[in-house]
Amino acid sequence: MPSKNANAPKAAPAAVDAKTVDRKDVKTTEPLNPKTTHYEFAGPIGALGVTLLTPAFTYLLYFACNETSCSSSFLSLASLQSQWPGWAGLLDPEAIRAYLKWWQLLLVLWVFIPGPWVEGTELRDGTRAQYKMNGFRTFVGVIAMQVGVLLWYGPRHAVFTFVWEHYLGLITAACLFSFALAIHVYASSYIPAKNGGSKLLALGGNSGNVIYDFFIGRELNPTLNLPFLPDQPFDIKQFAELRPGIILWVALNIAFAAHQFVEFGRVTDSIVLVCVFQGWYCLDSLWNEEAVLTTMDITTDAFGFMLSFGDLVWVPFTYSLQARYLASHPIDLGLWKSAAIVAVQLTGYYIFRSANTQKNTFRNTPTHPSVSHLTYLQTSYGTRLITSGWWGTARHINYLGDWIMAWAWCLPTGFATPITYFYVGYFAVLLVHRERRDEEKCGRKYGKDWEEYKRRVRWRIVPYVY
Ligand code: NDP
């Protein structure tokens with residue numbers, strides 16, 4: 001169980017180049033950073049494709065759906081040409097300055113807002129990284145400031161109008177920042193650790209192919225040691241996962257609701273639902289901040305372009321599409337439609353949250369009354385796989401809950417355009433792909449035990465369907 005304490009973290013044990021793995025059944029000396037021999041994302045070509053296409057798609061989504069129009073004819077060249085501002089038009093110095101200030105604010109809050117230091121899961125080299133858990137307080141602080149400005153100065157304040165007027169420039173600023181960050185972590189992964197040994201790399205990011213490793217990420221836990229806080233390691237990946245993108249997403253949504261009020265003199269129930277649902281989702285992930293430490297992103301994936309772009313650009317600028325659409329295309333749902341959409345959201349949330357909590361509680365406190373009755377498969381690796389409760393219904397039942405919620409976020413936009421439903425489609429692809437990656441990881445890790453687990457829990461995501 002991760003230990004909590006309010007003091008500065010313990011110094012991480014020195015990195016080594018080989019580790020004697022000592023589990024119940026295995027005692028072997030393995031290289032610390034074995035070469036990656038298996039590619040995901042169709043290898044370097046796929047990695048290059050995703051690296052180029054995801055920023056292009058983010059812009060495309062903006063040009064396809066904005067206050068001028070939002071129609072599925074977005075693939076028509078003429079419609080794009082009429083809106084294309086030229087390459088120079090994508091760059092907006094004011095937006096770049098604002099985006100840098102955003103990071104500055106978050107970094108200052110990371111330093112000054114107190115929070116417990118928590119240990120992550122055990123790493124391959126036997127160490128555990130240390131993480132400062134003040135994301136929830138940061139979220140509350142930032143959103144309280146924004147709501148304070150809204151209540152005090154009103155929706156015409158520059159904090160809100162700036163977002164609408166410089167949205168394209170903000171996308172570019174975040175893209176440039178995410179590329180710069182990915183280049184930085186890639187380059188610094190080659191700098192030896194403090195003790196002269198190798199840094200711990202992700203098993204999947206050490207292929208030697210520059211494009212692929214840049215995309216997937218090499219170093220598992222890229223860390224900055226701030227000169228004025230030498231004993232407080234700043235973990236770039238954990239910081240990026242839940243703050244610059246997730247908090248910005250909520251802040252953008254609020255700015256869009258303010259824009260709707262300025263334009264139409266009212267705030268519709270549809271945009272309120274979208275803001276509340278998505279704000280709740282973000283609040284929930286920050287409230288359960290420690291749970292991120294057991295996710296694939298933290299335990300398995302390195303921090304490369306995939307996570308840098310995903311966290312900094314994709315999440316805030318594409319997930320906020322529904323609120324941005326409603327800001328200029330107001331929709332009144334009325335009581336019954338609203339109630340039906342709330343029911344969809346609650347169903348999804350219930351599955352998502354109770355499944356994730358069940359697994360975290362079982363892994364951290366197996367004797368807890370809420371999970372002590374669950375049956376499990378004891379793996380020879382040492383960990384236990386739950387075979388009843390939520391995790392007995394499907395191997396990734398939590399993904400189903402997440403996907404049901406995705407519908408509740410899109411339904412308030414009505415049916416005038418399919419574009420606002422892009423999230424439902426994209427998210428289905430993401431979850432199916434993620435489930436396959438996780439299966440592969442667990443298959444490698446647990447071997448025969450995983451086969452037995454699959455025999456006992458047959459379905460992947462949707463019971464009796466898939
Ligand atoms: P999970 O939280 O589902 O964790 C998978 C891991 O859990 C496995 O690798 C394995 O790890 C362990 N595990 C698997 N089966 C069992 C079992 N039966 N009993 C105990 N442990 C088990 O994966 P994610 O990190 O992908 O997702 C976390 C949440 O984040 C999900 O709810 C997902 O929907 C959400 N998410 C949201 C995204 C978004 O953009 N909105 C993007 C990605 C995820 P081990 O090696 O420890 O055994």
Side-chain angles (χ1 to χ4, degrees), residues 120-124 203-204 237 241-242 245-246 249 277-278 280-282 284-286 288-301 306-307 309-320 348-364 366 371 374-406 408-409 423-424 426-447 449-450 452-462:
T121 55
E122 189 177 335
L123 303 172
R124 281 199 323 282
L203 290 175
K237 183 168 63 172
E241 276 283 297
L242 292 178
I246 295 271
W249 173 15
F277 292 165
Q278 297 185 350
W280 179 1
Y281 187 76
C282 297
D284 178 89
S285 50
L286 282 151
N288 295 289
E289 194 180 1
E290 272 183 50
V292 80
L293 301 185
T294 55
T295 62
M296 199 159 66
D297 292 7
I298 297 289
T299 59
T300 314
D301 290 337
M306 178 176 76
L307 281 184
F309 183 83
D311 292 341
L312 271 50
V313 184
W314 190 259
V315 167
F317 293 99
T318 69
Y319 288 16
S320 58
Y349 180 77
Y350 174 66
I351 299 173
F352 162 85
R353 178 45 48 218
S354 44
N356 283 328
T357 303
Q358 190 170 71
K359 175 158 71 73
N360 283 334
T361 311
F362 181 82
R363 279 287 173 90
N364 292 328
V371 293
L374 293 174
T375 57
Y376 59 84
L377 190 155
Q378 177 67 56
T379 66
S380 54
Y381 186 89
T383 41
R384 295 166 172 181
L385 296 170
I386 309 167
T387 52
S388 65
W390 281 115
W391 296 86
T393 60
R395 300 197 291 275
H396 271 100
I397 189 73
N398 51 345
Y399 288 1
L400 177 64
D402 219 336
W403 193 62
I404 293 173
M405 277 194 284
W409 303 354
Y423 181 71
V424 169
Y426 147 78
F427 203 44
V429 174
L430 177 139
L431 292 175
V432 167
H433 179 244
R434 198 175 168 95
E435 189 271 335
R436 299 261 162 178
R437 290 183 72 214
D438 196 47
E439 282 276 318
E440 216 174 286
K441 182 212 101 176
C442 291
R444 268 199 312 270
K445 181 172 173 179
Y446 294 120
D449 291 330
W450 189 253
E452 171 58 18
Y453 172 62
K454 286 196 324 193
R455 204 187 54 74
R456 293 198 203 172
V457 183
R458 186 174 157 202
W459 303 102
R460 288 172 181 271
I461 298 176
V462 189

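First listed ligand is number 1; within each ligand, the first listed atom is number 1. No experiment lies behind these values; they were computed from the predicted model shown.
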Study note, to complete from the structure: The atoms of ligand 1 lying under 4.0 Å from a heavy atom of Y453, numbered in the order shown, are 15 (N), 17 (C), 18 (N)
Check your understanding: For the residue pair W403 and F352, is the inter-centroid distance of their aromatic rings smaller than 6.0 Å?
Key -> no
Check your understanding: Any donor and acceptor pair, going by atom type alone, linking the side chain of T383 with main-chain N or O of T379 inside 3.5 Å?
Key -> no
Check your understanding: Any heavy atom of Y376 sitting closer than 4.0 Å to ligand 1?
Key -> no
Exercise for review: Taking only heavy atoms of F352 into account, list the atoms of ligand 1 that are under 4.0 Å away from them.
Suggested key: 32 (O)
Exercise for review: Could you tell me whether the side chains of Y426 and W314 share a donor-acceptor contact shorter than 3.5 Å?
Suggested key: yes
**Study point:** S380 backbone acceptor or donor facing D449 side chain under 3.5 Å
**Key:** yes
Revision key, fill the gap. Of L430, I386, D402, the residue with the heavy atom nearest atom 34 (O) of ligand 1 is D402
Exercise for review: Identify the residue among D284, T294, N398 that makes a side-chain hydrogen bond (donor to acceptor under 3.5 Å, both in side chains) with N356.
Suggested key: N398
**Study point:** Structural part of V315 in contact with ligand 1, heavy atom criterion under 4.0 angstrom
**Key:** neither
**Study point:** Which of the ligand 1 atoms, numbered from 1, are nearer than 4.0 Å to a heavy atom of H396
**Key:** 3 (O), 5 (C)
Exercise for review: Would you mind running through ligand 1 and noting each atom that sits below 4.0 Å from a heavy atom of Y399?
Suggested key: 23 (O), 24 (P), 26 (O), 27 (O), 31 (C), 33 (C), 34 (O)
**Study point:** Close aromatic pair by centroid cut-off 6.0 Å: W280 and Y349
**Key:** yes
Exercise for review: Report yes if W391 has an N/O atom closer than 3.5 Å to an N/O atom of ligand 1; otherwise report no.
Suggested key: no
Check your understanding: So which protein heavy atom does atom 41 (N) of ligand 1 come closest to, and at what separation?
Key -> Y281 OH, 2.9 Å
**Study point:** Salt bridge R437-D301, side-chain N to carboxylate O under 4.0 Å
**Key:** yes
**Study point:** R395 (side chain) donor-acceptor with V457 (main chain) under 3.5 angstrom
**Key:** yes
Check your understanding: Under 3.5 Å, is there a donor-acceptor pair between the side chain of W450 and the main chain of R444?
Key -> no
Review point. Hey, are R456 and E452 close enough for a salt bridge, meaning a charged N less than 4.0 Å from a carboxylate O?
Key: yes
**Study point:** Contact with ligand 1 for L385, non-hydrogen, under 4.0 angstrom
**Key:** yes
**Study point:** Nearest non-hydrogen protein atom, atom 38 (C) of ligand 1
**Key:** F427 CE1, 3.8 Å
Check your understanding: Going by distance only, is there an N or O of K359 that falls short of 3.5 Å from an N or O of ligand 1?
Key -> yes
Practice item. Take every heavy atom of E435, measure it against each atom of ligand 1, and state whether any distance is under 4.0 Å. Key: no
Study note, to complete from the structure: For R384, the atoms of ligand 1 under 4.0 Å from one of its heavy atoms are 20 (C)
Review point. Can you tell me if R460 uses its side chain to pair, donor with acceptor, with the backbone of V432 under 3.5 Å?
Key: no
Practice item. Mind checking whether T295 contacts ligand 1 via backbone (N, CA, C, O), side chain (CB onward), both or neither, at a 4.0 Å heavy-atom cut-off? Key: both
Check your understanding: Among side-chain atoms of W390 and S354, is any donor-acceptor pair under 3.5 angstrom?
Key -> yes
Check your understanding: Has W403 got any heavy atom lying under 4.0 angstrom from an atom of ligand 1?
Key -> no
Point to revise | Any N or O of L431 closer than 3.5 Å to N or O of ligand 1 | key: no
Review point. Of all the non-hydrogen atoms in the protein, which one sits nearest to atom 21 (N) of ligand 1, and at what distance?
Key: R363 NH2, 3.1 Å
**Study point:** Any N or O of T294 closer than 3.5 Å to N or O of ligand 1
**Key:** no
Review point. Can you list the atoms of ligand 1 that are under 4.0 Å from a heavy atom of C442?
Key: 8 (C), 9 (O), 10 (C)
Review point. If you measure every N/O of R395 against every N/O of ligand 1, is any gap under 3.5 Å?
Key: no
Check your understanding: Has the side chain of S388 got a donor or acceptor atom that lies under 3.5 Å from a matching backbone atom of G392?
Key -> no
Study note, to complete from the structure: The answer for which part of F362 has a heavy atom under 4.0 Å from ligand 1 is neither
Practice item. Check ligand 1 against K441 and write out every atom of the ligand that is under 4.0 Å from a heavy-atom position of the residue. Key: 8 (C), 9 (O), 11 (O), 45 (P), 46 (O)
Practice item. State whether the shortest distance between N or O atoms of M296 and N or O atoms of ligand 1 falls below 3.5 angstrom. Key: yes
Practice item. Report yes if Y319 has an N/O atom closer than 3.5 Å to an N/O atom of ligand 1; otherwise report no. Key: yes
Practice item. Check each heavy atom of W390 against ligand 1 and say whether those closer than 4.0 Å belong to the side chain, the backbone, both or neither. Key: neither
Review point. Under 4.0 Å from atom 47 (O) of ligand 1, is there any protein heavy atom?
Key: yes
Practice item. Return the orientation label for the Y423 and Y319 ring planes: parallel under 30°, perpendicular over 60°, tilted otherwise. Key: perpendicular
Check your understanding: With atoms numbered from 1 as shown, which atoms in ligand 1 lie under 4.0 angstrom from a non-hydrogen atom of N398?
Key -> 1 (P), 2 (O), 3 (O), 31 (C), 32 (O)
Check your understanding: Distance only, no hydrogens: is a donor on one side chain within 3.5 Å (strictly under) of an acceptor on the other, for T299 and T121?
Key -> no
Point to revise | Pair Q278-W249, side-chain donor/acceptor within less than 3.5 Å | key: yes
